[in-house]
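First comes the structure, then the notes that go with it.
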Amino acid sequence: MTRIRWTAAAALLLLPILGGTRCATLEDAAKLGGAIGVSKGVVSQEQAKSITKVAKAVAKTFEDITPEQEHYIGRSVGAVLVNKYKPYPNGPGNDYLNLLGQTLAQASDRPETFGGYHFLILDSPEINAFAAPGGLIFVSRGMLRCCRSEDAVAAVLAHEIAHIQLRHGLQAIDKSRVTEAVTTLGAEGAKSYGGQKLADLTKVFEGSISDVTSTLVNNGYSRGFEREADAAAVAILTRVGYDPKGLVAMLTEMEKNLKPGGLDFAKTHPSPRSRIDDIERQRAGGKALAEVPARQARFRKGLGNI
Amino acid sequence: MRRYPAVLIVCLALLCVSATIEGGGKAMSVQVKQGQVRATPSFLGKVLATLVYGDRVETLEEKDGWIRIVPPGKKAPGWMHSSALSQKRIVLKAGTKEADVAASTGELALAGKGFNADVEAAFKARNKGIDFIWIDRMQNMNVPPDKVQAFVQEGKLIPAEGGGR
């Protein structure tokens, strides 16, 4: 009995220590392989070191993209989007969007990004909204016309903030490019790149921008990512005090306006109806909150003539 | 039988070591361009100092996604949101040795590595039709904290006391 107790106690105490090594990776496997190889005299120390290094390079994922690099990816993705859809340079509208967006971003799980969150209206009748990595968010006039209240606009922005919080954009980048960028080509850093290296890195960068923009504009994220973003949006809205039903109201309005076969949200997002079903399953049910007159007044002032 | 207390003592000792490493007193780096140190763990908290990318801070405690830190130069402690901080040491100017360490261990993050301003400039040169004017304008659209606070009050919203978690 005593023996069992001691063993159990020792096992319990060991658990957290062992817990630190629970993420066995390719890297660990390579280290182990290298060690075995060295002990058996199959490979030299130098070769073993090189095996470990290569495996480490392969093990890199989007998580190794630093917030600074994410910022540069986002800037170029944003530039491509603004050139495709054109900005809507309406001062009061953009000011209102930034004020609302900032309030929501502060309540997200990732309130701080390298360059912060910034919002811009796009001059397009299409029903669209995009989140470029790092915090640049774009919403089309067509999308804003689907919003009948501040709570509905908040829902659109919260969904886009959620994509940034969850780093969905970065996950659209081909893994081999990430590996190339963060290891082989980008490892040295801090000094300015010259000649061939800069050219190679720029090619990888161009490829990454194209991966993200084609996902945002043409292919869309997986339904799983959209569901995750809707769930995180509901959390943000609730924390700030907006009615999460705003998301349902916006989707209902969108459902009426989306044209089947359209090149906008109809193409890149699951149907509004299926999103509503998912959201209601996650909760966000219950009675709609009462309308707040001050919110409605500033919504009309900022976006009434959109 | 006697071996078990010994195992226990070793385990306890290991636990103490890991607790010291993981508790307060850990150093972290600012991973955003500019990060504010606040008097309270909230975006409504008074700004005590503004730190820049790569600054090293010492951590004291954590609360709902906020970390109480000591800024460089042992200035008065304050709170920063955890999303502004990284466990990795951010090296602004790395020598070859540090670059090698960063590449192989991932313990260091090198500022300006990989995709950086030079790469963006090269991208612009190759894609002359893509204009960055509106991206620069967007990044200059800043909302002062008192405006957010007034917006929250007017709209009968909930002040982001804890911020995100």
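Numbers restart at 1 for each chain; the letters A, B, ... are given by sequence-line order, proteins then strands.
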Heavy atoms of other groups near B:K147 NZ, more than 12 under 6.0 Å: no
What part of A:I137 gets within 4.5 angstrom of chain B, counting heavy atoms only: side chain, backbone, both, or neither? backbone
4.5 Å side-chain heavy-atom contact, A:I209 and B:F123: yes
Which atoms of A:V82 approach chain B - backbone, side chain, both or neither, heavy atom under 4.5 Å: side chain
Measuring only between side-chain heavy atoms, which start at C-beta, is A:E112 closer than 4.5 Å to B:F43? yes
Okay, A:P89 and chain B: the region with an atom under 4.5 Å from a heavy atom over there is both
Should A:E206 and B:N127 count as side-chain neighbours, where that means a heavy-atom distance under 4.5 Å? yes
Given a strict heavy-atom distance threshold of 4.5 Å, which part of A:L100 is in contact with chain B: side chain, backbone, both, or neither? both
Beyond-backbone contact of B:Q139 with A:L136, side-chain heavy atoms, under 4.5 angstrom: yes
Which one wins on heavy-atom pair count under 4.5 Å against chain A: B:Q36, B:M80, B:E120? B:E120
Okay, A:F299 and chain B: the region with an atom under 4.5 Å from a heavy atom over there is neither
Establish, for the pair A:R298 and B:F151, whether the NZ or CZ atom is under 6.0 angstrom from the six-membered ring centre and no further than 45 degrees off its axis. yes
Measure the shortest side-chain to side-chain distance between A:H118 and B:N142 over non-hydrogen atoms and say whether it is less than 4.5 angstrom. yes
Measure distances from A:V292 to the heavy atoms of chain B and classify the residue's part below 4.5 Å as side chain, backbone, both or neither. side chain
Can you see which heavy atom on A:A79 is nearest to which on B:I135, and at what distance? N-CD1, 3.4 Å
Nearest heavy-atom approach of B:G155 to A:R295 is O-NE, 2.8 Å
Residue A:Q296 versus chain B: region with a heavy atom under 4.5 Å: neither
Counting only non-hydrogen atoms closer than 4.5 Å, does A:T103 touch chain B with its backbone (N, CA, C, O), its side chain (CB onward), both, or neither? both
Is the closest side-chain heavy-atom distance between A:L198 and B:V119 below 4.5 Å? yes
Which atoms form the tightest heavy-atom contact between A:L99 and B:V143, and what is the distance? CD1-CG1, 3.3 Å
Chain B interface, residue from A:E150, A:R75, A:Q102 that has the most non-hydrogen pairs under 4.5 Å: A:R75
Do the side chains of B:F115 and A:S208 get nearer than 4.5 Å, heavy atoms only? yes
I'd like to know whether NZ of B:K33 has more than 12 heavy-atom contacts from other residues, nucleotides or ligands below 6.0 angstrom. yes
Any heavy-atom pair between the side chains of B:Q31 and A:T66 that's under 4.5 Å? no
